[in-house]
Amino acid sequence: MAEKITGPEIKPLDMEKTTTCEATAQMLTKAEKDGVETAFHRAAAMKACPIGADSACCKHCSMGPCRLVSKDPYSKVGVCGATIDTIMARNFARMVASGAAAHTDHGMSMLDVFREVVKGDLKDYQIKDTKKLKEVAASIGIEVEDRKVDEIATDLYEELERTYTQVEGEIPFAQRVPEKTLETWRKNGIVPRGAMREIMELMHRTHMGVDQHYENITKQCSRTALADGWGGSMVATEISDILFGTPTPVAAEVNMGCLKENEGNIIIHGHEPNLFESMLASVNNPDKIQAAKDAGAEGINLVGMCCSGAEMLSRHGIPHAGNFMSTEAILVTGAVDAMGVDVQCIKQGLAKVAECYGTHLFTTNPRCKIEGAEHIELDEHHPSQCTDAIVDKAITRFKNRTRPVEIPNISNMGIHGFSAESIKYMLGGTFRGSYVPLNDNIINGRIRGVAGVVGCTNPRVKHDYVHVEMVKELIKHDVLVVQTGCSQIALAKAGLYRPEAAYLAGHGLREVCETVGMPPVLGLGSCVDNSRILIACSEMVKTGGLGDSIADLPVAGAAPEWMSEKAISIGHYFVASGVYTVFGVTFPIIENTKFKKLLFDGLEDDGLGKWGFARDPYEMAHLMIDHIDKKRKALGIDKARERVLMDMEARMAL
Ligand code: SF4
Ligand code: MSK
C-alpha cells in the first residue's frame with residue numbers, strides 16, 4: 001500500500017455528490033484508503049474565496065490589493081479610484097488574454113513544426129492531408145490550381161504567420177467569417193490584427209492607470225478573443241489536420257477500462273498533438289514491442305487523457321481514459337507505468353500522486369516543468385529521443401511493478417472523430433457533401449437548433465453530471481449537440497456517443513440520427529478545436545436559409561463545468577462571433593452592475609452574442625432552447641417546427 005502523503009487523515013468524500021463517473025469514484029475511494037489526496041479532496045477542504053469568485057478584488061498595483069466588498073458595489077472604489085466595473089472588466093480581460101495566449105502559443109508551436117516540415121528540416125512529420133492543405137489555402141485566397149504541394153504550403157505558412165505577428169490589417173482567417181458578421185466586427189472596431197498585438201494591447205490596457213472604461217476594455221477583450229478563435233486556435237486545428245490528418249468518424253473506447261493490466265500503460269495528457277503522434281510511432285516500433293515482451297508485458301498500451309487524448313481519439317481512435325478531473329484518479333489504479341505531459345491543464349498535484357504509485361511522470365515541453373517530475377524535452381527534430389525514453393521507462397516500471405493494480409472494469413464504445421468537413425459528408429454523402437441537409441433539417445424543424453457544449457470539468461460541481469444532464473435535456477428537445485474537450489469525454493462515458501443513444505433524442509432529431517446512423521452528440525476533438533464549431537457556424541450561414549450572420553443562427557453554446565482561463569477566452573470568442581453562451585459553476589461578476597449588463601445584454605445590442613449563466617443543468621439547457629426558439633422565430637421558421645411535430649404525432653398515432 002502506498003504511504004500517506006498528506007499527514008492528516010483524508011476526509012472521505014461523499015461520492016454521490018462528487019462525481020457521476022463510476023471509475024473516478026472507485027479510484028477516489030481507493031485513494032482515500034491509500035492516504036492519497038486529490039484535487040477533489042482539496043476542493044472539499046478549501047472553500048473558494050467569495051471575493052475572488054465575484055471578481056471584486058484588484059491586485060494590479062501595490063497601493064492595493066483593493067477589495068470592493070459591500071452590499072452596494074458602487075459604494076466603494078479602489079485606492080486609485082477604480083470602480084467595480086473597471087475592476088471586473090480588467091480581471092475578465094486578463095482571463096481572456098491568458099486563455100487566448102495559451103491557444104495562440106499552441107497554434108504558434110504547430111506553425112513552427114509546419115514551417116520546418118515545409119523547409120524539409122523536420123523529417124519525422126509530413127503533410128498528410130494535402131486536400132485539407134488546398135482547402136485551407138484556397139479559403140484565404142491562395143492560388144492552388146496546378147501548383148505543387150510545397151509551393152502552396154510555403155505560401156500558406158507565410159500567410160498564417162500573420163495571424164500572430166501582423167501589426168495592422170485583418171488576420172487571414174477573417175476571410176472565412178460570414179460577410180455580415182465581419183461587417184459587425186468592423187463597425188465595432190474588433191477585427192483582430194495579429195494575436196501578439198491584441199494580447200499585448202489588452203495586457204497594457206489593463207495595467208494600473210490605463211483603460212478605465214469597462215466598455216472600452218470589453219471591446220479589446222472581444223478583439224483579443226477573436227484573435228484566439230478565428231486566429232490562434234483555428235491555425236492550431238487546421239495545421240494539425242494538414243500534418244496529421246483531418247478526423248473522420250471512428251469507433252473508439254473511452255474510460256479507465258482501456259488500461260490493460262498485462263501491458264505497459266502509457267498515458268499522454270496535455271494539448272499539442274506532436275508529442276502524442278511521436279509517441280504513437282514509438283509504441284509501434286517493433287524493437288520497443290519486443291522489449292516490452294522481454295519484460296513480461298503482452299504489449300505497450302498507449303492511452304490519451306484530457307485534450308491531447310480527445311484529439312488523438314478523434315484523429316486515430318486511440319482509447320481515452322478520462323477527462324481533466326480524472327487525471328489524478330487514474331494514477332491510483334497503480335497500472336500507469338508512465339504519464340507524459342506537455343502543456344495546459346496539467347495539475348501540479350499529479351507529481352505527488354505519481355510518486356505515491358511509482359508512476360513515472362514526464363514533462364516534455366520547455367514551457368511546462370513540474371517539481372518532482374522528470375523533464376525529457378521533445379525536440380521535434382528528433383522526437384523519438386524523447387518518446388523512446390518514455391517507452392523505455394514505462395517498460396522498466398512494468399517489470400518492477402510493486403503496487404497492487406486495480407483497474408475499474410468500465411469502458412464505453414462510441415463514434416468519435418467528427419469535424420466541420422465530416423459533418424458535411426455525413427449528412428450530405430461523399431458526392432454531395434454540404435451543409436444543405438443540416439440547414440434543411442433545421443428549417444423543417446426536425447432539428448430545432450445546434451448547441452456547442454464544451455469545456456472543462458471542475459471539482460466545485462458534481463463531476464460530469466452537469467454536462468451529461470444538460471446535453472440529455474438538449475437532445476430530448478431536438479437540439480443537435482456538438483462537443484469538444486473534457487465535455488465530449490463526459491458524454492462518451494455516459495454512452496451518448498453510440499448511435500443507439502438517438503433513442504434519448506426528441507422525435508425529429510432521432511429521425512435524422514437514425515436515418516444517417518449517427519449519434520445525437522458529435523465530438524469534434526480538443527478545446528482548441530472549438531474553432532471547428534466556428535467553421536460549422538460559418539458554413540451554416542453561407543449555405544443559406546438561416547440568416548446572414550452567425551448571430552442569426554438558431555445556435556447556442558455552453559461550458560457547464562468550466563474552470564480554465566482558456567474557457568473564458570473561448571466563451572468570449574463565441575459571444576463576439578454572435579453566439580449566446582451559457583456558463584455554469586460560477587461567473588466572475590457581480591449582479592446589478594454595468595459590466596454585467598454589458599456582457600449579458602449590451603453586446604447583443606451591438607450585433608454580437610451575449611453571455612448567460614446558470615448552475616442547474618436543466619435551467620442552462622432551457623436558457624439555450626429559449627434562445628434557439630427566439631432565433632427560429634426571427635427567421636420565420638418557428639411554424640415549420642410545429643407543423644413537423646404534428647405530422648410526426650399523426651404518423652405515430654397511425
Ligand atoms: Fe487598488 Fe487601483 Fe491598485 Fe487595483 S490598481 S490595486 S484598484 S489601487
Ligand atoms: S483540457 S481547458 S480542462 S476542456 Fe482542453 Fe479540458 Fe478545459 Fe483543459
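No experiment lies behind these values; they were computed from the predicted model shown. When a ligand or atom number is given, it counts from 1 through the structure's own listing order. Quick note: numbers below take in every heavy atom, side chains included, and nothing from hydrogens, waters or symmetry partners.
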Which atom names give the shortest non-hydrogen contact between [X] and [Y], and what distance separates them?
X	Y	answer
Leu202	Ala93	CD2-O, 3.3 Å
Met624	Val582	CG-CG2, 3.8 Å
Trp611	Phe92	CZ2-CZ, 3.8 Å
Gly209	Arg90	N-NH1, 4.2 Å

Below a 4.0 angstrom heavy-atom separation, can you tell me which part of Arg90, side chain or backbone, both or neither, approaches ligand 1?
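The answer is the side chain.
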
Is the backbone N or O of Ser422 less than 3.5 Å from a side-chain atom of Ser419, with the two atoms forming a donor-acceptor pair by type?
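Indeed, once roles are kept as given, a pair shorter than 3.5 Å links the two residues.
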
Check: Gly257 main-chain N/O paired with Asn255 side-chain donor or acceptor under 3.5 Å
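A pair under 3.5 Å: no.
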
State yes or no: are the ring centers of Phe574 and Tyr580 separated by less than 6.0 Å?
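Between Tyr580 and Phe574, which both carry aromatic rings, the centre distance is not below 6.0 Å.
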
Looking at atom 3 (Fe) of ligand 1, what's its closest protein heavy atom, distance included?
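For atom 3 (Fe) of ligand 1, the nearest protein heavy atom is Cys61 SG, 2.3 Å.
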
To the nearest 0.1 Å, how far is atom 2 (Fe) of ligand 1 from its closest protein heavy atom, and which atom is that?
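Scanning the protein heavy atoms, the shortest distance from atom 2 (Fe) of ligand 1 goes to Cys80 SG, 2.3 Å.
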
Could you tell me if any non-hydrogen atom of Gly455 lies under 4.0 Å from any atom of ligand 2?
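True for this residue.
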
Below 4.0 angstrom from a heavy atom of [X], which ligand 2 atoms are there? Numbered from 1 as shown, please.
X	answer
Cys456	2 (S), 3 (S), 4 (S), 7 (Fe)
Lys566	2 (S), 5 (Fe), 8 (Fe)
Cys306	1 (S)
Met563	3 (S)
Phe324	3 (S)
Cys527	2 (S), 5 (Fe)
Ser564	2 (S)

Under 4.0 Å from ligand 2, counting heavy atoms only, is it the side chain of Cys345, its backbone, both or neither?
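The answer is the side chain.
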
May I ask you to identify, for His271, whether its side chain, its backbone, both or neither come under 4.0 Å of ligand 2 on a heavy-atom basis?
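It is the side chain that touches ligand 2; the backbone stays farther off.
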
For ligand 1, which atoms have a heavy atom of [X] less than 4.0 angstrom away?
X	answer
Cys58	4 (Fe), 5 (S), 6 (S), 7 (S)
Gly64	6 (S)
Cys66	1 (Fe), 6 (S), 7 (S), 8 (S)
Val79	8 (S)

Looking at atom 6 (Fe) of ligand 2, is one of the N, O or S atoms of Cys486 less than 2.8 Å from it?
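Looking at Cys486, which is the residue asked about, there is an N, O or S atom under 2.8 Å from atom 6 (Fe) of ligand 2.
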
I'd like to know if [X] and [Y] make a salt bridge, using a cut-off of under 4.0 Å between side-chain N and carboxylate O.
X	Y	result
Glu22	Lys493	no
Asp54	Arg67	no
Glu215	Lys219	no

Without hydrogens or angle criteria, can the side chains of Asp112 and Ser109 be said to hold a donor-acceptor pair below 3.5 Å?
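Result is no, nothing qualifies.
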
